[in-house]
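Letters A, B, ... are given to chains in the order of the sequence lines, protein chains preceding strands, and every chain is numbered from 1. Small disclaimer: the values here were computed from a predicted structure and weren't measured.
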Amino acid sequence: MNWVIAIIKVVFIWTWCLLWATVMTWAERRGSAMIQDRLGPNRAGPFGLFQPIADGIKLFTKEEFRPKTARKILFNLGPILFAIPAFSAYAVIPFGDKIVIGGKEILLQVADVNIGFLYVLAIGALAVYGIVVGGWGSNNKYSILGGLRSTAQLISYEVPWGLALLAAVFVYGTFDLRQIALEQTGTFLGFLPNWGVFKQPLGFLIFTVAAYAEANRVPFDLPEAESEIVAGYHTEYGGMRLGLYLFGEYVNLYTLSALCVTLYFGAWNLPYIDMSKFLGPISYGIASFVVFWLKVMVFLLSFIWVRWTVPRFRYDQVMRLGWKTLIPLALFNLLITALFIQLTV
Amino acid sequence: MDIYFWIFAVIGVAAGIFTISYKDALPCALGLLTVFMSLAALYVHLHAPLVAIFQVAIYAGAILILVVFVIMLLMTPDEDQMGRQKNIGFRIMGFLLGLLMMCYLAIGAKGIDQLVHQEKLPKGFGDPHIFGDLLFRQYLLHFEVASVLLLVALIGGVYLAKKRL
């Protein structure tokens, strides 16, 4: 029985991530249109909502073109290596509290492991191999440059990202993402919600900036900067191989947003209101899931908002921001947090 | 016979042979990635998920990415790397170091038939708390020596790079 529940959870959260990644492709285009005072895709279905389906059909039926000089195995392997980490990273992040069906308590999380946090870090670091292999396999100057930029960027921003997360671990005292979510109930200092963002404001800022860089989003989309290197690592890709790259990116965004909500924005907890007090077991489970999802949506929309508002950095600016600003700031944050904990606990 | 062990052991060794014998540099790095991954899988099998995660995060996620970065910076696809090392002194040194490693392995394998297969693990085995406890109590000296060593390497790296800035 347990493994049936586990499979249902895996299938559910997988489909859910894919669904919202699909909707994100539509929201991105509508959002950009809104910001640039255009209409955006509005023909397929109501508000153009069927546009992602049309895009999907297009990607599936397109010719699978491969340049003659590309290295066949690496070229095919690239998108797969990119998609696997993207699709497996969500496994340890909760998507709600718990739901009781027929007297059986089901945690809304695929795997509740005590090192969940480190798992996300490790899987996140593997995403770059897909980009590198794709770029190298295409055997094309622009693609290789894109892959090269991607590795440099990932090395640079993994450090402040990890240090910001480490400071959060200091605060919560655990690597267990579910435990971290459970600790964020009640109030902090008597009037603020007991959320991570109020204890780690600087850490949250560093995390967000580094998350944009990790996800290769504007203003950090140097690996695919179309005004400089055509389309970077996916210049030679078309059809569903390109689709995997684009899709994997949106799934990554969902995972990063969920991680951010779990660590800094109280996961499924509402401020000042304890939902479990007045809701039944089933409705509480659903409510916690919806609250969590709404918070994730806020962050997903902010990704779109930033993308169409901020211009791309120059390459040396990206490196300077990473090494000379974010890393010292993250170390400072770590020091302050450690001092504070040492003096108060 | 432990099938799980054998699957990943064979994959690991095969990937290792691929790493040192293939001519193109980036597939070699991917071979090394496979070695790290199969090692991580073996650590999970030994009830040490934390070590497995460190293996992936540090070796595959940080060190190998640096290697890949250098490969992409200096080489091009389809560049034959075989026989590039012309210096016979380096070749002899590589052979000797490899031999030394094999000797270490042989010494390490000495007590292998006396290994006990422990059925019951101590409470909290592989837990991050226990891990940290060991690192900061029993093995504090080793930990500090390693961090001082890394700091020295860091300062040395900055010193060497700074001269040319």
Side-chain angles (χ1 to χ4, degrees), chain A residues 69-71 73-75 77-78 81 84-85 92 111 113-141 143-156 158-159 161-162 165 169 173-176 179 223 233 323, chain B residues 18 22-34 36-37 39-41 43-44 47-79 124-133 150-151 154 157-158 161:
Chain A
T69 50
R71 312 200 42 132
I73 297 174
L74 291 181
F75 189 80
L77 197 66
L81 275 184
I84 290 174
V92 293
V113 288
N114 59 4
I115 49 166
F117 201 84
L118 296 167
Y119 172 86
V120 179
L121 267 178
I123 294 289
L126 292 182
V128 74
Y129 286 107
I131 297 179
V132 166
V133 169
W136 186 270
S138 302
N139 207 347
N140 161 322
K141 280 175 202 157
S143 302
I144 293 177
L145 273 177
L148 182 63
R149 285 180 173 196
S150 172
T151 41
Q153 187 172 312
L154 197 99
I155 296 167
S156 310
E158 192 104 309
V159 182
W161 200 55
L165 290 176
V169 171
T174 176
F175 285 133
D176 188 340
Q179 198 57 43
Y233 59 92
W323 289 98
Chain B
F18 175 81
Y22 198 69
K23 66 174 173 60
D24 195 3
L26 196 85
C28 290
L30 289 182
L32 198 56
L33 177 68
T34 318
F36 291 150
M37 286 306 188
L39 269 181
Y43 287 136
V44 171
H47 300 272
L50 193 64
V51 184
I53 290 285
F54 285 156
Q55 175 81 22
V56 176
I58 296 169
Y59 281 91
I63 293 173
L64 194 61
I65 288 186
L66 276 175
V67 173
V68 167
F69 178 69
V70 173
I71 290 176
M72 297 203 78
L73 199 62
L74 299 180
M75 297 170 191
T76 52
D78 281 328
E79 195 181 330
F125 184 84
D127 203 70
H129 288 112
I130 311 279
F131 197 85
D133 223 41
L150 286 175
L151 188 67
L154 197 70
V158 171

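- For Val128(A), the part lying near chain B is the side chain, with the backbone staying farther off; criterion is any non-hydrogen pair under 4.5 Å.
- With a threshold of 4.5 angstrom between heavy atoms, Leu154(A) approaches chain B through side-chain atoms but not through N, CA, C or O.
- Applying the ring pair (Phe, Tyr, Trp, His ring centres under 6.0 Å) rule to Phe69(B) yields no partners; only residues at least two apart in sequence or on another chain are considered.
- Of the inter-residue distances, the one linking Leu66(B) atom CG with Ile155(A) atom CD1 reads 4.0 Å to the nearest 0.5 angstrom.
- Counting non-hydrogen atoms of other residues, nucleotides and ligands closer than 6.0 Å to CD1 of Ile73(A) gives a total of 12 or fewer.
- Just one residue in the list Ile144(A), Leu148(A), Thr151(A) forms a side chain to side chain contact (heavy atoms under 4.5 Å, CB included) with Leu73(B), and that residue is Leu148(A).
- Ile58(B) does not touch chain A: none of its heavy atoms, backbone or side chain, sits under 4.5 Å away.
- In terms of heavy-atom proximity, Ala125(A) sits nearest to Gly61(B) at CB-CA, 3.6 Å.
- The minimum heavy-atom distance linking Val68(B) with Tyr129(A) is given by the pair CG2-CE2, 4.1 Å.
- Put simply, CD on Glu158(A) and CD1 on Ile65(B) are 6.5 Å apart, with the number rounded to the nearest 0.5 Å.
- Around the OH atom of Tyr59(B), the shell of radius 6.0 Å holds no more than 12 heavy atoms that belong to other residues, nucleotides or ligands.
- Interface remark: Ala62(B) contributes no atoms to any contact with chain A (heavy atom separation under 4.5 Å).
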Before you tell me yes or no, could you show the steps for Ile71(B) and Val132(A) under side chain to side chain contact (heavy atoms under 4.5 Å, CB included), namely the whole-Å CA-CA distance, both residues' side-chain angles and the distance that decides it to 0.1 Å? CA-CA 11 Å; Ile71(B) 290 176; Val132(A) 166; over 6 Å; no
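- Contact annotation for Val159(A): neither backbone nor side-chain heavy atoms come within less than 4.5 Å of a heavy atom of chain B.
- With a 4.5 angstrom heavy-atom cutoff, Leu77(A) touches chain B only via side-chain atoms.
- Taking chain B as the reference chain and counting heavy-atom pairs below 4.5 Å, the highest number among Leu74(A), Leu126(A), Ile123(A) is found for Leu126(A).
- Heavy atoms closer than 4.5 Å to chain B are found in both the backbone and the side chain of Tyr119(A).
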